[in-house]
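Report on the following structure.
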Protein chains: 2
Amino acid sequence: MSEPISGEGLLFLTDEQLQQGIEGMFFAYRGFTADPDRILEELNRDRDQNYGRAHHRAVHFVARAPGTTVKNLLEILGVTKQSLNRVLRTLMEDGLVVSKVGGSDRRERHLFLTEAGQALERQLSEVQRARMRDAYRAAGPEAVRGFRQVLEAMMDKEMGRKYGALRDKAEG
Amino acid sequence: MSEPISGEGLLFLTDEQLQQGIEGMFFAYRGFTADPDRILEELNRDRDQNYGRAHHRAVHFVARAPGTTVKNLLEILGVTKQSLNRVLRTLMEDGLVVSKVGGSDRRERHLFLTEAGQALERQLSEVQRARMRDAYRAAGPEAVRGFRQVLEAMMDKEMGRKYGALRDKAEG
DNA sequence: TTGGAATGTCAACAAAGCTGACATAAAATC
DNA sequence: GATTTTATGTCAGCTTTGTTGACATTCCAA
């Protein structure tokens, strides 16, 4: 199909190489979500509620940007408000998330994790960070730099901006 | 939480760095699936069937390893056979996939894409490869090497082996 | 030859996405 | 001040894609 690109002695964009990148993403993403999935499954056995990846994502980004609004969360997660609302409702009913009416704009709801919510978030992010840490260590710092460059180039532009905003906020 | 690791002037395993990696995976995976998703959505408008990511994955791996068995596909995809069966059934009804009873073991079904199936697969993998190619080009060959190293380290062990098998087969 | 393992199908259910319609309250605009 | 827009929430209903459980078929090995 497409011709290999060779420049400075590199030959790395054959369809086969790209195909391997695609499958790499597929398998790696599975590994990436496996540990939190397992923890949630265990928790669900005991409790009555059934939490899944959707709950994990919501909790993650509320932890990341405490006081964020529902609208902002919708944009980051890229789902409909009906879908997010169902998730947030159960999280609030269970006392993991609280919403506070906005100060300047009283239409907005600002979201926060409760103590229990923070505990769950820590539990989930712990294992996910551990896997990321192991992968980073195994691959080395140079590889990590490259990894992040490719990830960033693979995002949609708007998502890249939201990602950058989260990053800058954390760094600032 | 965890202390930064410094060695040879590197300082890259703070929780913040790991967190950014996690979010990078999340946003990048969204970009990674966005183009095929969009194509399928367009196709679904015209046709009666409704194909999604599950169909894409099945078609991808059948194209990748023609004649593969249902059992093998189950292991690669990591879903239940009932779930895969529904997807395969619609693909076969629509004449995109055919299954042939195994020669040595008549319990097995070997899967192949028809002409129409190959056409769909090309259409989907085309845009996905294009995004991958753009990301690789933007990041450069050194970054690509690192990217693949980290991905591989992030997979579950068994998945890493299946990934390697696909890779070797293609190279051989 | 018979019992267990492998493979695949049918039925029913759940999680989590979606659209559409509609309500409320607050902010912004004319 | 009246109107429009924005942010949020809710109800109803649908789809995709995962799950278990039950069951049929086929193969193989004791």
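The chains referred to below are lettered A, B, ... by the order of the sequence lines, with proteins before strands, and numbering in each begins at 1.
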- Could you tell me the separation between the CG atom of A:N44 and the C1' atom of C:dA16, rounded to a whole number of Å? 14 Å
- B:V70 vs A:A54, nearer the 5' end of DNA chain C by closest nucleotide: B:V70
- Note on the structure: A:R89 atom CZ is separated from C:dG17 atom P, nearest whole Å, by 14 Å
- Task: Figure out the CG/P separation between A:N72 and D:dT6, and round it to whole Å.
- Result: 17 Å
- With respect to the phosphate group of C:dA15, does any side-chain polar atom (N or O) of A:H55 fall under 4.0 Å of OP1 or OP2? no
- Just to confirm, is there a sub-4.0 Å distance from OP1 or OP2 of D:dG18 to any side-chain nitrogen or oxygen of B:R57? yes
- Message: By the 4.0 Å heavy-atom rule, please label B:R86 as base, sugar-phosphate, or nothing.
- Response: base
- Query: Is the A:Y163 ring parallel, tilted or perpendicular to the B:F27 ring (thresholds 30°, 60°)?
  - Reply: perpendicular
- Message: Students often get this wrong, so: under 4.0 angstrom with heavy atoms, is B:T69 touching a base, only sugar-phosphate, or nothing?
- Response: nothing
- Let me know the distance between CG of A:L84 and C1' of C:dA15, rounded to the nearest Å. 15 Å
- Item | Distance-only donor-acceptor check, side chains B:E23 and A:H60, under 3.5 Å | yes
- From CG of B:L88 across to P of C:dC10 the rounded distance in Å is 13 Å
- Any sub-3.5 Å donor-acceptor pair from B:R131's side-chain atoms to B:G31's backbone N or O? yes
- Item | Nearest to side-chain heavy atoms of A:K81, which nucleotide of D:dT8, C:dA27, D:dC27 | D:dT8
- Taking side chain as C-beta onward, heavy atoms only, is B:V101 less than 4.5 Å from B:R109? yes
- Could one point to a donor on the side chain of A:Q82 or the base of D:dG9 with an acceptor on the other under 3.5 Å away? no
- Message: Please determine whether a side-chain nitrogen or oxygen atom of A:K71 lies at a distance below 4.0 Å from atom OP1 or OP2 of D:dA7.
- Response: yes
- Task: Figure out the CD/P separation between B:E108 and D:dC28, and round it to whole Å.
- Result: 10 Å
- Message: Ring of B:F112, cation from B:K100 - is the NZ or CZ under 6.0 Å from the centre and inside 45° of the axis?
- Response: yes
- CG of A:L77 versus P of C:dA15: gap in Å, rounded? 19 Å
- Message: Check the phosphate of D:dT8 against A:R109, side-chain N and O only, distance under 4.0 Å to OP1 or OP2. Yes or no?
- Response: no
- Query: How long is the line joining OH of A:Y51 and C1' of C:dA15, in whole Å?
  - Reply: 14 Å
- Message: Counting only side-chain nitrogens and oxygens, does A:T80 get under 4.0 Å of the OP1 or OP2 atom of C:dC18?
- Response: yes
- Message: Within the 4.0 Å heavy-atom criterion, would you say A:S104 contacts the bases, only the backbone, or no part of the nucleic acid?
- Response: sugar-phosphate
- Item | B:R107 side chain, from C-beta outward: closest of C:dC10, D:dT6, C:dA6 | C:dA6
- Could you pull out the closest heavy-atom pair between B:A116 and B:G95, with the gap in Å? CB-O, 4.0 Å
- Would you mind classifying the nucleic acid contact of A:G78 as base, sugar-phosphate or nothing, using non-hydrogen atoms under 4.0 angstrom? sugar-phosphate
